[in-house]
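Data block below; observations after.
Quick note: residue numbers are just sequence positions, from 1.
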Amino acid sequence: MFGFFVTLLSFFQAANAQEDPISVIKNTSDQLFKTLKAERATLKKDPNKVYGIVEKILVPRFDFGTISQWVMGRSWREATPAQRTAFTNEFQRLLINTYAGVLLDYSDEELKVLPLPPNAAKGDEVTVRSEIISKDRPPIAINYSMIKAGQRWMVYDVSVEGVSIVANYRSEIRELVSRNGIEGMINILKQKNK
């Protein structure tokens, strides 16, 4: 699981106008791992600093609007604009809280990004395949589903060993909405995030 979170966080570096999906993943992962390594002593003393690292490096590379819409599924159409905004904010916070804690266990893993098939990045969507390489564990397959937003490539889903975060959270959110309604589901996320 650690590899999943590390990889998830590996998409966040300032983009330039000529970026491509492979360089986004590679550069972000390099920045993340370098920062975690440099801050290891600080993070041992104050683990909460990992949240700032995630906010700076990870968050700018995820399209939380698209992720939130897909996670809510049908309920997105039924939600008010205020509920959509509230859900997007709370879901983003939930992902940050979940994955930031896992990064505290970082121990020199590396991300190996696999080449794209020919012409794969010519459109507006692509899947970048990669593996987390660790000295003491088998490689973990991680796929990043990305869309082009203007000149930037953004992540809208991550699959770890074939398990999609969107699909995983979609079933959980659907269940919460069916039991508690949209507003109740948002309130439950707020409580989790506290």
Side-chain angles (χ1 to χ4, degrees), residues 4-29 31-32 51 54-100 102 111 113 116-117 119-130 141-178 182-183 185-186 188-190 192-193:
F4 166 70
F5 300 113
V6 169
T7 302
L8 196 60
L9 296 175
S10 50
F11 304 111
F12 318 101
Q13 185 173 19
N16 63 46
Q18 301 303 317
E19 72 181 11
D20 63 87
I22 294 284
S23 67
V24 168
I25 301 300
K26 281 184 177 177
N27 293 340
T28 303
S29 125
Q31 181 184 12
L32 176 70
Y51 296 101
V54 171
E55 291 276 357
K56 181 180 175 187
I57 300 174
L58 173 70
V59 169
R61 275 301 170 189
F62 278 81
D63 183 346
F64 283 102
T66 299
I67 294 169
S68 297
Q69 185 175 348
W70 288 355
V71 165
M72 274 188 78
R74 283 185 304 220
S75 298
W76 185 264
R77 290 187 299 275
E78 299 164 12
T80 66
Q83 288 173 324
R84 290 175 181 176
T85 299
F87 175 76
T88 300
N89 292 339
E90 292 303 326
F91 189 68
Q92 177 177 329
R93 176 60 41 207
L94 178 69
L95 289 178
I96 290 169
N97 290 343
T98 300
Y99 303 131
V102 175
L111 180 71
V113 180
L116 290 176
N119 298 319
K122 297 279 186 206
D124 291 337
E125 286 190 50
V126 69
T127 298
V128 176
R129 296 177 311 119
S130 70
I142 303 190
N143 294 338
Y144 303 97
S145 298
M146 302 179 77
I147 57 173
K148 197 169 193 179
Q151 295 298 312
R152 301 187 74 205
W153 283 97
M154 306 287 285
V155 175
Y156 68 85
D157 195 10
V158 178
S159 296
V160 179
E161 296 291 331
V163 178
S164 154
I165 79 166
V166 168
N168 189 42
Y169 277 108
R170 183 183 293 149
S171 60
E172 181 180 338
I173 295 302
R174 182 182 301 139
E175 177 68 24
L176 287 174
V177 169
S178 72
I182 293 171
E183 199 64 37
M185 175 271 293
I186 293 168
I188 289 169
L189 291 184
K190 285 180 183 175
K192 282 185 177 183
N193 287 333

Taking all atoms of both residues into account, what is the closest heavy-atom pair of Met146 and Pro21, and its distance? SD-CB, 3.9 Å
Candidate pair Asn27 and Glu19, rule side chain to side chain contact (heavy atoms under 4.5 Å, CB included), full reasoning: CA-CA 10 Å; Asn27 293 340; Glu19 72 181 11; over 6 Å; no
Whether the side chain of Thr88 engages the backbone of Gly65 through a donor-acceptor N/O pair (distance < 3.5 Å, no angle test) should be reported. no
Taking Asp157 for its side chain and Val166 for its backbone only, find out whether a donor-acceptor pair lies under 3.5 Å. yes
Can you check side chain to side chain contact (heavy atoms under 4.5 Å, CB included) on Leu94 and Asn193, steps first, answer last? CA-CA 6 Å; Leu94 178 69; Asn193 287 333; 3.6 Å; yes
Side-chain touch Val71/Trp76, heavy atoms, less than 4.5 angstrom: no
Between CZ on residue Arg84 and OG on residue Ser68, distance to nearest 0.5 Å: 11.5 Å
Side-chain H-bond candidate by donor/acceptor type, Glu183 with Gln83, under 3.5 Å: yes
In terms of heavy-atom contacts, Ile67 and Val155 come closest through CD1-O, 3.9 Å
With Glu78 via side-chain hydrogen bond (donor to acceptor under 3.5 Å, both in side chains) - residues at least two apart: none
Backbone of Ser159 reached by a side-chain donor or acceptor of Asn143 within 3.5 Å: no
Over 12 non-hydrogen atoms of neighbours within 6.0 angstrom of CZ in Arg170: yes
CG on Asp20 to NZ on Lys148, rounded to 0.5 Å: 9.5 Å
dist Met72:CE -> Leu176:CG (nearest 0.5 Å) comes out at 11.0 Å
For the residue pair Ile182 and Phe87, establish whether any side-chain heavy-atom pair is separated by less than 4.5 Å. no
Go through Phe62 and Leu95 one step at a time and tell me if the side chain to side chain contact (heavy atoms under 4.5 Å, CB included) criterion holds. CA-CA 11 Å; Phe62 278 81; Leu95 289 178; 6.0 Å; no
Taken to the nearest 0.5 Å, the spacing of Thr85 OG1 from Glu90 CD works out to 11.5 Å
Is there side-chain contact between Ile96 and Arg93, with at least one heavy-atom pair below 4.5 Å? yes
Any idea which heavy atoms bring Met154 and Ala149 closest together, and the distance? CG-CB, 4.1 Å
Ring pair (Phe, Tyr, Trp, His ring centres under 6.0 Å), paired with Trp70, selected from Phe64, Tyr156, Tyr169: Tyr156
Measure the spacing between CD1 of Ile173 and OG of Ser178 and express it to the nearest 0.5 Å. 11.0 Å
Using 0.5 Å steps for rounding, measure from the CG atom of Asn89 to the NZ atom of Lys190. 9.5 Å
